[in-house]
Protein chains: 2
Amino acid sequence: MDNIVPGSFQLMKKINTGLIIDIIRLKGPISRAEIAKTLNLTPATVTNITAELINKNIIVESDLGQSTGGRKPILLKINAESYYIVSIHIGSTGIRTAILNMESKILDKITVKTRPETTYEEAIKIIKESVERLITQNEKVKGKLLGIGIAAHGIVDTEKGKIVFSPNYGWKDKDIRTDLERMFDVPAFLDRDVRAMALSESWYGAGKYVDQFISVKIGYGVGVALTNNKQQIRGYTDGFGEFGHTKIAFDGPLCSCGNRGCIETFSSEKAVERYAAELGIDADCMAVHELSLNGDERAITAINKASEYLGLAIANLINIFNPRLIVLGGDLIDINDYYFNGAVESAKKYALTDLYKVCEIKRAESKGDAIIKGAAVLVLENLFDNI
Amino acid sequence: MDNIVPGSFQLMKKINTGLIIDIIRLKGPISRAEIAKTLNLTPATVTNITAELINKNIIVESDLGQSTGGRKPILLKINAESYYIVSIHIGSTGIRTAILNMESKILDKITVKTRPETTYEEAIKIIKESVERLITQNEKVKGKLLGIGIAAHGIVDTEKGKIVFSPNYGWKDKDIRTDLERMFDVPAFLDRDVRAMALSESWYGAGKYVDQFISVKIGYGVGVALTNNKQQIRGYTDGFGEFGHTKIAFDGPLCSCGNRGCIETFSSEKAVERYAAELGIDADCMAVHELSLNGDERAITAINKASEYLGLAIANLINIFNPRLIVLGGDLIDINDYYFNGAVESAKKYALTDLYKVCEIKRAESKGDAIIKGAAVLVLENLFDNI
DNA sequence: GCTATGATTTATTAAATAAATTAACATTGA
DNA sequence: TCAATGTTAATTTATTTAATAAATCATAGC
């Protein structure tokens, strides 16, 4: 309840500027007249605000639109190449680094595999080399770097920009924001992977025109995000979404959290590997996926089993949140139909009918790139919020 | 994404008016100068807005405060007796009707028992007679009725003001808002019981100074509400919070929803009755409660068992939402310590430690009156939103 | 009397709306 | 074919709203 922002002229302008940027992002190229109509603003106000945005290089005038019996509309769009963003995804099996433009289009990217033993210092070195190579390979980026967006799995402290705990590598309390800001001399922003995914869907994917939706990221863990009016719901200590540790059984395999019955142990990629192992397949998740594609019955059974539980977990989300949309993301979900379809079917079975039938369940639109694009949005969000 | 409200002078004023009313509600009696300081508004703005509110009879000048070396501050407070509100709670075992003032203080109330066979028409008759008696008994209310707030269990359509489905009575699609508006010729507002409870806590209880909190109402069913910046999160079709039908087991007793494993079947008052029956006690929940107070071991065991599962369910909420506060309400929670304490203990056991330790779990402050007070807030909210 | 605090008044300012104006077209009819 | 007319888009100018800033009035303590 601190930081009270009362109504003021600045707030008024900020609201309208935000709305105008949003509509240009979502529906651009678009004319000033149409902006005015859809936002219930006067043409004069739109002219004034767009003039400032053009001045600040955020948007540009592009082509002329079709006339419908009068002057041709001048279409406005985001100035995609005014600045560039470096985006980093620290996943459990690799670090992906990319350069994106202002529309979060990926210009170039590098993926480096990691091992569970990879230290934080090694990871920083990987990032440094990747970014330097990307900048060298893309001349036009030089001197036009707007900022760095970082998405990491595990627990992060968004405000302080620290990785609190990274389960796959065992890193604790790493001040990655400061490290990268010093390295590249631009502002950096950190959030957890599932929230980056949610942001990407909210800005560019299925969540574009939806007030409220749920994102679920299934990897070795299972995390969720709730996006409400383009805002992430964060909880009290930034810990919203530890869905993988909610219980769907009174016993079960021991979870990393020390308890039993966690969703994570029944339905994650880790669970797929366990089920496969029980059936005699000693392989990682991607290998099980390959086998399932080749018709290996044991692999299919393992994946189906995990997807059944995942569906039950999704049903729980539907019953709690009554969402209009659930977006699923993660390596296996992205590419394996047994897993995705199985989960959807199972969700139908366990959710309340009235709530299930109004809820769309989709894959993340940009699939493997969703998180990297979302990390870029972390930077854009900050820019657009502070105009 | 319709109904876009751009920044405008009206919005600016509405924001500030809302902030000022809120602060007078929360911290009143309070002087204009202090309002200005806490809200970062200029004294002149506060003078202007408070003048209008005084003019509209929403607030009044009360006593003079202590001087700290200058002119004595004129304290402002809500005009508690300017209007009155009728509040109705349709619970599973009775209908409670009350008259409240503008501070949601209950002036008078009537409770009428119901049976599962009670028809909607009978219920409306009960309400009619109760309200008429309340008005007769409280002369000053005459002609000063602001509106009617209705809280009902089951599924409601807030926008249309309809009871969609009332599981305990079997009512379907009853247009209670229209019925009551015609009967008393004032506006009526409907919401589900747990949201009324959440509103009450948000305005007058533990949620007063908290940005975000969870409310859980345990009766024959289990519902939750998420309050975010004084706003209820409603989901897509107003169905947020069907927590009682989330699964915590792969089997279990058949639930009213047609599935097995629902929280409701393990931890609600209905579950307490079932566990008691299994131990040879054939009694309703309140009777089991009485027995437990008299030291009946079987009753205590039954309650403890339900509370253990309830705690697991609460742990799931903690893991998902990372709340700062969870408010528990419902007949048995209100009065039975085995149930409440057992649930808190069990939540500690099953929740992630980092998230549990920042979360307070409390009983609803106004206990049995929480819902009736919250129903009044439905009316107040509408008034304060439309000044 | 002086100084500090609370509340109000008056003047100013920011940023919206309203209305008029300019720009650039399409349509129509002689 | 092209001038007249009507439309739509964008901008300019005047006005309005509701904020802030600064001065003033009202009380108080010392």
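Order of the sequence lines fixes the chain letters, A, B, ..., with proteins taken first and strands second; residue numbering starts at 1 for each chain. Just so we're clear, the structure is a prediction, and the values are computed from it rather than from any experiment.
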Distance below 4.0 Å between [X] side-chain N/O and [N] OP1 or OP2:
X: B:Ser67; N: D:dA28; result: no
X: A:Asn48; N: C:dA16; result: no
X: B:Thr47; N: C:dA7; result: no
X: B:Lys37; N: C:dG6; result: yes

Counting heavy atoms from C-beta on, name the nucleotide in [options] closest to the side chain of [X].
X: A:Pro43; options: D:dT11, C:dT8, C:dG6; answer: D:dT11
X: A:Arg32; options: D:dA10, C:dA15, C:dC25; answer: D:dA10
X: A:Thr45; options: C:dA16, D:dA9, C:dA7; answer: C:dA16
X: B:Ala44; options: D:dA22, C:dC25, C:dG6; answer: D:dA22
X: A:Phe9; options: D:dA22, C:dA14, D:dT8; answer: C:dA14

What is the distance from [atom1] of [X] to [atom2] of [N], rounded to the nearest Å?
X: A:Asn16; N: C:dT17; atom1: CG; atom2: C1'; result: 12 Å
X: B:Arg71; N: D:dA26; atom1: CZ; atom2: C1'; result: 5 Å
X: A:Leu11; N: C:dA16; atom1: CG; atom2: P; result: 11 Å

5' priority, DNA chain C, between B:Pro73 and A:Asn40 [closest heavy atom] =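 Upstream on the strand: B:Pro73.
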Any salt bridge between [X] and [Y], counting N to O under 4.0 Å?
X: B:Glu159; Y: B:Arg177; result: no
X: B:Lys362; Y: B:Glu360; result: yes
X: A:Glu52; Y: A:Lys13; result: yes
X: A:Arg195; Y: A:Asp238; result: yes

For B:Asn322, does its backbone N or O pair with a side-chain atom of A:Arg234 as donor and acceptor, under 3.5 Å?
-> no
Map A:Thr68 and A:Ser8 onto DNA chain D by nearest heavy atom, then report which one ends up closer to the 5' terminus.
->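 Its nearest nucleotide being more 5', the pick is A:Thr68.
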